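Quick caveat, the model's predicted, so the values are computed rather than measured.
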Amino acid sequence: MSDNSINFVAANGENLSGGKGLLEKDAKRAFDAGIQCLTGGNHTFSKIQSAKYIAEEVRLLRPANHHDDVYGHGWQVYPVTINGGLFKFAVVNLMGRVYISTINCPFRTADKILYKLQKETNLILVDMHAEATAEKIALGWHLDGKVSAVLGTHTHVQTADEHILPNGTAFISDVGMTGAFDGVIGGEREASIARFFYQTPHKVNVATENVKINAVVISVDLQTGKAISIKRIFEPSFR
């Protein structure tokens, strides 16, 4: 990661605190570490004590296709200084509906948001938090040429399909997970195995061994908003 020149960092933070939901103290640690925007998903509201913080903190997003009267922000525009110039960079958080939620349509929600956003900036990142790979890919095609990137999250497993779509939108089905890989999607493996083996509830604590970073680095033309390149990061690699 140190070999890359990074101007803006966004991360999906819905599992930041104990593997489910996020607390204010953990979000602040992420912001202090240099993350400029935390996106959410189906676990965004899991820590009820964070409701006020989610409602007020503009650097913290929840899926925009929740109903309008749900607290929190579904998208935001952030000022970014690059090479001495000030640019507006937008992040939109969406969530899929296949096998995961019954909220509003992410496709129609994206269209409504972009109608407003494109008058302000063409530098737009979309986090599509979804279970179904097909739904994420379909959204990528739907938004090709309208946003700089559509990045899938949720499954905790990085995919190898990073590419730039024909009209200039960078895409990957899933960015993956930053966390411990000696478990099961970030949880301790013994309890996870027991859940499947016995088909009964078991408390799953966060795994701590063999921590790796999953990410993508995207270069964008600042004038057109179109992606120039997308590079997948998996560090350190498996031995």
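- For the residue pair D127 / T153, a side-chain donor-acceptor distance below 3.5 Å is found, with atom types taken as modelled.
- A salt bridge does not link R97 to E135: none of the charged side-chain nitrogens sits closer than 4.0 Å to a carboxylate oxygen.
- The environment of NZ in K212 is crowded: more than 12 heavy-atom neighbours from other residues, nucleotides or ligands sit within 6.0 Å.
- The closest side-chain heavy-atom distance from L143 to L114 is below 4.5 Å.
- Hydrophobic clustering of Ile, Leu, Val, Met, Phe, Trp and Tyr side chains at less than 4.5 Å, counting indirect connections, keeps L165 apart from L151.
- Contact annotation: the side chain of V216 never approaches that of K231 to less than 4.5 Å [non-hydrogen atoms, C-beta and beyond].
- A side-chain donor-acceptor contact under 3.5 Å links S148 to the backbone of G225.
- Between the side chains of H142 and D111, at least one donor N or O lies within less than 3.5 Å of an accepting N or O.
- Taking the ring centroids of F89 and Y78, they lie at or beyond the 6.0 Å cut-off.
- Hydrophobic clustering, with ILVMFWY side chains joined whenever heavy atoms are under 4.5 angstrom apart, groups I218 together with V91.
- Between the E235 side chain and the I213 main chain, no donor and acceptor come within less than 3.5 Å of each other.
- Taking the six-membered ring for Trp and thresholds of 30 and 60 degrees, F234 and F238 have ring planes inclined between 30 and 60 degrees apart.
- For the side chain to side chain donor-acceptor pair (under 3.5 Å) condition, the pairs that include at least one residue of residues 55-71, sequence neighbours left out, are K52-E56, E57-R59, H67-N104.
- Without hydrogens or angle criteria, Q158 side chain to V175 main chain gives a donor-acceptor distance under 3.5 Å.
- A salt bridge does not link E120 with K116: every distance from a Lys NZ or Arg NE/NH1/NH2 to an Asp or Glu carboxylate oxygen is 4.0 Å or more.
- Under the 3.5 Å distance criterion, the side-chain polar atoms of T39 are left unmatched by any main-chain donor or acceptor of N93.
- Distance check, rounded to the nearest 0.5 Å: CG of D26 to NZ of K47 gives 9.0 Å.
- One finds the CZ atom of F181 at 11.0 Å from the CD1 atom of I185 (value rounded to the nearest 0.5 Å).
- Side-chain N/O atoms of H154 and D174 include no donor and acceptor closer than 3.5 Å.
- Rounding to the nearest 0.5 Å places OG of S101 at 3.5 Å from CE of M95.
- The closest donor-acceptor contact from the side chain of K136 to the backbone of M128 lies at 3.5 Å or more, if one exists at all.
- With a 6.0 Å radius and a threshold of 12 heavy atoms from other residues, nucleotides or ligands, Q49 has its CD atom above the threshold.
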